[in-house]
**Student:** 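Could you have a look at this structure, given as structure tokens, before my questions?
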Amino acid sequence: MSDIAFKSVKELSDMLAKGEISSVELTKVYIERTAALDGKVHAFLFKDERLALDGAEASDKRRARGETLGALDGIPVALKDVIAVENQPLTCASKMLEHYVSPYTATSVKNLQSRGAVLWGRLNMDEFAMGSSCENSAFGPTHNPWDLSRIPGGSSGGSAAAVAACFCACSLGSDTGGSIRQPASLCGVVGMKPTYGLVSRYGLAAFASSLDQIGPFARTVQDAAMLLGAVASYDPKDSTSVNTPIPDYAANLDSNWLKGKKLGLPKEYLPEGLDTQVRAAIEKSVEKCAAAGAEIVEISLPHTELAIPVYYIIATAEASSNLARYDGVRYTHRSDKAKDIVDLYYKSRAEGFGEEVKRRIILGSYVLSSGYYDAYYLRAQKVRTLIRRDFEKVFESGIDAVVAPTSPSAAFKLGEKMSDPLEMYLNDIFTINVNLAGLPGISVPCALSSEGLPIGFQIIGKPFDEQNLFSCAHSCEELFGMRGVLPNLQ
Amino acid sequence: MEYEAVIGLEVHVQLNTRSKMFTDVPYKFGEEPNTLTDPVIWALPGVLPVLNYEAIRKAIKAGMLFGCTIPDIAKWDRKNYFYPDSAKNYQLSQYDQPLCLGGEVEIELAGKDGSQMGPHRKVKLTRIHLEEDVGKLTHHAGESLVDYNRAGTPLIEIVSEPDMHSGEEAFAYLNSLRDCLVFADISACDMEKGQMRCDANISVRPKGQAELGVKVELKNINSMSNVRLGIEYEIRRQIDCIKKGVAIVQETRRFDAALGVTQSMRSKEDAHDYRYFPDPDLMPVKISDELREQIRSELPDLPFDLQRKFMEQDGLPYSITSVLCHDRELSEYFAEALKTHNNPKAIANLLVNELLRELSAEGQGGGKHNLADCKITPALLAGLVKVIDSGVISKQIGKEVFVEMFATGKSAEQIVNEKGLKQNTDSGEIEKFCLDAMAANAKAIEQFKAGNEKAINALIGPVMKASKGKANPAMVLETLKRLIK
Amino acid sequence: MSKTDKIDIDYVAKLARIELTEAEKQTYSAQLGQILEYFDKLSKVDVSGVEASAHAHAMYNVWREGDVPAQPMSVEKALMNAPAKRLNQIVVPKVVDEA
């Protein structure tokens, strides 16, 4: 039964439909595999076997009655610990919320539940989704299943590692500046950030409100498409949610999509000094696309480099305000050393937040403070407009998709970059532009490095054109031959 | 030297929407703590705000009442500060693109006495913006308790220019604001329930000096009369300081109503850095001409406009209109009554002089009338006037009918019929009563013939008595005159 | 914005209501100084006439119509994570009335 764990959602869904396996059996496979191996990976922050099995049992009963809720019914899905589910912990990998239990459920999860998915555990991440290595978790880092001495990427490191390690069929993460695509790239799985506004943010603990999106992790593009189709919806509870039709992405995948399409390769995404293996992998992948009939066009996104300051100004400013609610008063950690109310804020926040979160809150408070707003925040918002226009111009010129590396390097060693925050921030250069422009982006594994580490190929699409993005990614996936290539975790 | 006070008011008014500003739970005053909340009110991880359209409409309506400019685009910003009554530790408010800009509020100062209209002037507004209320703290020994029921209630902040100069003007301004907002169904503006709250910025300068003096903020004044008293005290205190050569400190003070003085709360050395920025969770609103026209069509007559109309068109006396036009319920009652019978003067008179007196007597001297529970509906009251105007009963009998109507809620016709109060217009019978009266009082006839017109009253009395008050007085007079000649 | 701008770490930590140790203050000051220097790139961009993007997509008039009140959350649920509660309210150290 153990090879069951490696199967795709599509395969598992078919097996469930044919009665070759029950949801309870399937869920047990993941529960057991997780129990056996997550001690090494530490992808999970919380597991409730009983709850998962109850969900699986309910799914099996529905199926027996002929009332199956769709392709995801009975499929175990794990959630990044930043998405609220009623009566489940929601820690955001922070001491601040160590004992917090959510009294309500996120819209995206309600959508999953209404399609019968089995909720299986909560996954590790950088604290409040701030980080690119998963080392900022208050509860210890997640290890990359390909090489346990390396980081899985972040912030959704647990979500990527759990899918790569086959602890679940697929998972949800959130992406503010690359937090889905980068760990997907580093863990050799598919990770997708939808267009801003496609998936409701209601119930996603906010990091940077104008950038955050929930998105899927899976072992195949088709699975990611299935999962996105299940969570995306217009939500009146999220004023930034967009009312747009959600097609059946998975059913409409076109494997011959590349033929005759124009792929834009931005020169700014292959800069001098880029890791040679990443460069080689991307160039080789692009050649494969060309061979499949795509036209490769060198393009320019001239404001790319500015994305780092723009992103870190906007994201930290919004975060400094979003995280003000974690103050020791209503539901968070409260310091027992406080003398008065002001002291209660100071100490609860000093004790509850980790180093990176504090750094970003301070940076964000600074850029918004009196006298600096125009120079930093307002200016960043204007340059954000320029960054979005770069992409608009490219798409207007007839480019069908932009292709690029996801991360400037394969997974680095735990602790390697912890001491230099700026260097860590610079690592996000290939992913944050997509968030600033609100576009959909996906990372597909394209190669293994000489050390046997996965390298991801990023595809960026037009807003709300997820269907074409998935078709492109699906076609690439077939060419790259990385589907089913999984870490040998024992 | 003469001094001049300069006063600007910041008035917060809770809108009377049924649900809150950024989520759909209701708000009511005086409910059990924390029973009117949801995840949004608690600012739980993951929640998001959604604008309440009705609150936006009401805020725009408020702006239109005062002639504000309603811009094409308005947005919401976060005002960041830590305080336990604010769950997010930022307030969703409007910074640089509020819903209403400019405008002015007409006020009336006291006249010579209650029967004369006082001078009117207009107080300039800076802006009106729409934000959310905060929760409530209560202080106990060693701890404070937080109740978030009130948090998230739609709140408009009406900011005036520093355009008032006395406690009386500030008092008149608040009264006018309240009247207008109540008339337009925007808020009940009950200060006791915190539906209307007032902060005052007060400074004093030598008369004729252009620049303003040091500004003192007077916070949380909890009643109309305390606004006046607090401001008057603060003006006196500041003038005193200047005279004594003591520097006025820029600070926040509060008015202690029991002691009748203002007291320092904290000095302003710690200026707030609110780090305003546009809320990324809310989209801006575009206000179309269509929406503007739609809301404009719902605007009521403003109290002072109504008053002028009643005085000029209908000839009502000031004293009556000043009662009628500053009470929405009363003025609506009046308007309703006029639909049944268009005699404004008689109806207003009956309403203000008779009905209100009865109601306040019933309210055990509390003075607060309760029109809603009154048995006399507008149509009934107008019906009574109609019956008098058509000569069916006399004014005198009308008062008797009114008393009965107040007690039973029966119509004037029904009461007149049941009690047989209909005026006697039977000329034969009236002539008989007149002849009887004349036969009994030859002296009065002589006097009348001799030119003493009033002598005829001595004959009218007995006729009315004989008819049990029901004889038509005009007919009696006419008949007597005819018979004497 | 210029390279000479030095972050007033005490002031900003106070705005953020985070108590920092002396060591943290030094580390953060140095790191943030470096980051802000990097941010200086922005000051060289010509943004004249460019609109500020507060959102990923421009949308207007997203609101809830009808003003229909919903059922509130139960007090028990509301207070289930409260670090200190009494009389169905949140307890905090006594607040000196400053607002």
Side-chain angles (χ1 to χ4, degrees), chain B residues 17-20 23-27 32-39 41-42 44 50-56 73 75 80-85 89 134-135 137-149 219-220 252 254 265-266 273 275 277-280 282-288, chain C residues 1 5 7-20 32 39 42 47 50-99:
Chain B
T17 53
R18 291 190 292 154
S19 59
K20 290 187 180 181
T23 186
D24 53 9
V25 285
Y27 172 65
E32 286 299 308
N34 293 315
T35 53
L36 301 173
T37 72
D38 68 0
I41 297 301
W42 285 89
L44 297 184
V50 179
L51 291 165
N52 181 347
Y53 178 59
E54 192 55 28
I56 294 172
I73 291 182
K75 68 174 173 71
N80 293 285
Y81 66 96
F82 282 81
Y83 206 72
D85 61 9
N89 285 318
V134 293
L137 287 170
T138 47
H139 306 293
H140 306 262
E143 65 181 29
S144 297
L145 299 180
V146 202
D147 168 17
Y148 291 99
N149 275 353
K219 277 253 184 204
N220 300 335
T252 302
R254 61 180 201 92
M265 287 168 78
R266 67 183 147 149
D273 186 345
R275 289 156 288 141
F277 74 102
D279 183 42
L282 293 171
M283 294 300 180
V285 299
K286 245 183 204 165
I287 301 150
S288 64
Chain C
M1 173 166 54
D5 272 355
I7 199 161
D8 179 347
I9 193 78
D10 288 313
Y11 177 72
V12 184
K14 191 175 167 192
L15 283 182
R17 296 286 192 276
I18 299 176
E19 190 174 78
L20 297 179
L32 296 179
F39 286 2
L42 274 195
V47 290
V50 180
E51 235 177 275
S53 295
H55 301 91
H57 315 292
M59 291 196 290
Y60 295 91
N61 301 354
V62 182
W63 51 43
R64 169 174 58 88
E65 290 188 32
D67 191 23
V68 182
Q71 188 66 36
M73 180 161 71
S74 73
V75 187
E76 295 69 37
K77 216 164 185 178
L79 294 170
M80 71 191 231
N81 292 293
K85 58 186 166 186
R86 197 164 73 79
L87 302 173
N88 285 336
Q89 296 179 73
I90 295 286
V91 180
V92 291
K94 186 154 183 163
V95 178
V96 189
D97 203 3
E98 63 159 25

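Every heavy atom of this structure was used, including side-chain atoms; hydrogens, water molecules and symmetry mates were not.
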**Student:** I'd like to check Trp63(C) versus Asn52(B) (side-chain heavy atoms, cut-off strictly below 4.5 Å). Are they in contact?
**Tutor:** no
**Student:** Using non-hydrogen atoms and a 4.5 Å limit, figure out which bit of Ile41(B) sits close to chain C: side chain, backbone, both or neither.
**Tutor:**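 When you check distances to chain C, no heavy atom of Ile41(B) falls under 4.5 Å.
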**Student:** For Leu87(C), is it the side chain, the backbone, both, or neither that has a heavy atom closer than 4.5 Å to a heavy atom of chain B?
**Tutor:**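 Contact with chain B involves both backbone and side-chain atoms of Leu87(C).
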**Student:** Which atoms of Thr138(B) are under 4.5 Å from chain C, going by heavy atoms: the side chain, the backbone, both sets, or neither?
**Tutor:**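 Just its side chain gets close to chain C.
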**Student:** Does any heavy atom of chain C fall under 4.5 Å from the side chain of Lys75(B), the backbone, both, or neither of them?
**Tutor:**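 Neither part.
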**Student:** Once you round to the nearest 0.5 Å, how far does CG of Leu145(B) lie from NZ of Lys85(C)?
**Tutor:**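 Separation between the atoms: 13.5 Å.
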**Student:** Pick whichever of Thr37(B), Asn80(B), Leu36(B) has the most heavy-atom pairs under 4.5 Å with chain C.
**Tutor:** Thr37(B)
**Student:** So Leu51(B) and Val62(C), side chain to side chain contact (heavy atoms under 4.5 Å, CB included) or not? Walk me through it.
**Tutor:** CA-CA 7 Å; Leu51(B) 291 165; Val62(C) 182; over 6 Å; no
**Student:** Does CD in Glu32(B) sit with more than 12 non-hydrogen atoms of other residues, nucleotides or ligands closer than 6.0 Å?
**Tutor:**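 Check fails, neighbour count at 12 or below.
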**Student:** Work out which heavy atom in Pro284(B) is nearest to a heavy atom in Met59(C); give both atom names and the distance.
**Tutor:**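 Closest pair (atom of Pro284(B), atom of Met59(C), distance): CD-O, 3.6 Å.
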**Student:** For Val95(C) and Pro84(B), which heavy atoms make the closest approach, and how far apart are they?
**Tutor:** CG2-CG, 3.9 Å
**Student:** Could you go step by step and tell me if Val285(B) and Tyr60(C) meet the side chain to side chain contact (heavy atoms under 4.5 Å, CB included) rule?
**Tutor:** CA-CA 5 Å; Val285(B) 299; Tyr60(C) 295 91; over 6 Å; no
**Student:** Could you report the tightest heavy-atom contact between Pro26(B) and Ala70(C), atom names first, then the distance?
**Tutor:** CD-O, 3.3 Å
**Student:** Examine whether an atom of Ala82(C) lies under 4.5 Å from a heavy atom of chain B, and if so say whether it belongs to the side chain, the backbone or both; otherwise answer neither.
**Tutor:**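 No part of Ala82(C) comes within 4.5 Å of chain B.
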**Student:** Looking at Pro33(B), is its backbone amide N or carbonyl O close enough to the side chain of Asn88(C) to form a donor-acceptor pair, meaning the two atoms are under 3.5 Å apart?
**Tutor:** no
**Student:** Nearest 0.5 Å please: distance from the CE atom of Met73(C) over to the CG atom of Asp38(B).
**Tutor:** 6.5 Å
**Student:** Mark yes or no for whether Ser144(B), through its side chain, and Val92(C), through its backbone, hold a donor-acceptor pair below 3.5 Å.
**Tutor:**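 Checked: no pair found.
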**Student:** Atom CD of Gln89(C) and atom CG of Asn149(B): how far apart are they, to the nearest 0.5 Å?
**Tutor:** 8.5 Å
**Student:** Supply the atom-to-atom distance Lys77(C) NZ to Leu44(B) CG, rounded to the nearest 0.5 angstrom.
**Tutor:**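 Here the rounded value is 10.5 Å.
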**Student:** What part of Leu137(B) gets closer than 4.5 Å to chain C, counting heavy atoms only: side chain, backbone, both or neither?
**Tutor:**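 Only the side chain of Leu137(B) comes within 4.5 Å of chain C.
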**Student:** Scan side-chain atoms only and decide if Arg64(C) and Ser19(B) contain a donor-acceptor pair under the 3.5 Å cut-off.
**Tutor:**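 The criterion, which ignores hydrogens and geometry beyond distance, is satisfied for Ser19(B) and Arg64(C).
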**Student:** Can Lys94(C) and Glu143(B) be said to form a side chain to side chain contact (heavy atoms under 4.5 Å, CB included), step by step?
**Tutor:** CA-CA 4 Å; Lys94(C) 186 154 183 163; Glu143(B) 65 181 29; 5.5 Å; no
**Student:** Counting only heavy atoms closer than 4.5 Å, note whether Tyr148(B) contacts chain C via side chain, backbone, both or neither.
**Tutor:**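 Contact with chain C involves the side chain of Tyr148(B) alone.
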**Student:** Judged by atom type as modelled, is there a donor-acceptor pair below 3.5 Å linking the side chain of Asn61(C) to the main-chain atoms of Lys286(B)?
**Tutor:** yes
**Student:** Can you see which heavy atom on Leu15(C) is nearest to which on Arg275(B), and at what distance?
**Tutor:** O-NH2, 3.5 Å
**Student:** So what's closer than 4.5 Å to chain C heavy atoms on Asp279(B): side chain, backbone, both or neither?
**Tutor:**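 Only the backbone of Asp279(B) comes within 4.5 Å of chain C.
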**Student:** Given a strict heavy-atom distance threshold of 4.5 Å, which part of Pro278(B) is in contact with chain C: side chain, backbone, both, or neither?
**Tutor:** side chain
**Student:** Is it the backbone or the side chain of Leu282(B) that comes under 4.5 Å from a heavy atom of chain C, or both, or neither?
**Tutor:**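 Only the backbone of Leu282(B) comes within 4.5 Å of chain C.
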**Student:** Could you tell me whether a side-chain N or O of Asp67(C) sits under 3.5 Å from a main-chain N or O of Thr17(B), the two making a donor and an acceptor?
**Tutor:**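 No: the side chain of Asp67(C) does not pair with the backbone of Thr17(B).
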**Student:** How close do Ile90(C) and Trp42(B) get, heavy atom to heavy atom, and via which atoms?
**Tutor:**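 Answer, listing the atom of Ile90(C) first, then Trp42(B): CG1-CZ3, 3.7 Å.
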**Student:** Using only heavy-atom distances, determine whether the side chains of Tyr11(C) and Asp273(B) contain a donor-acceptor pair under 3.5 Å.
**Tutor:** yes
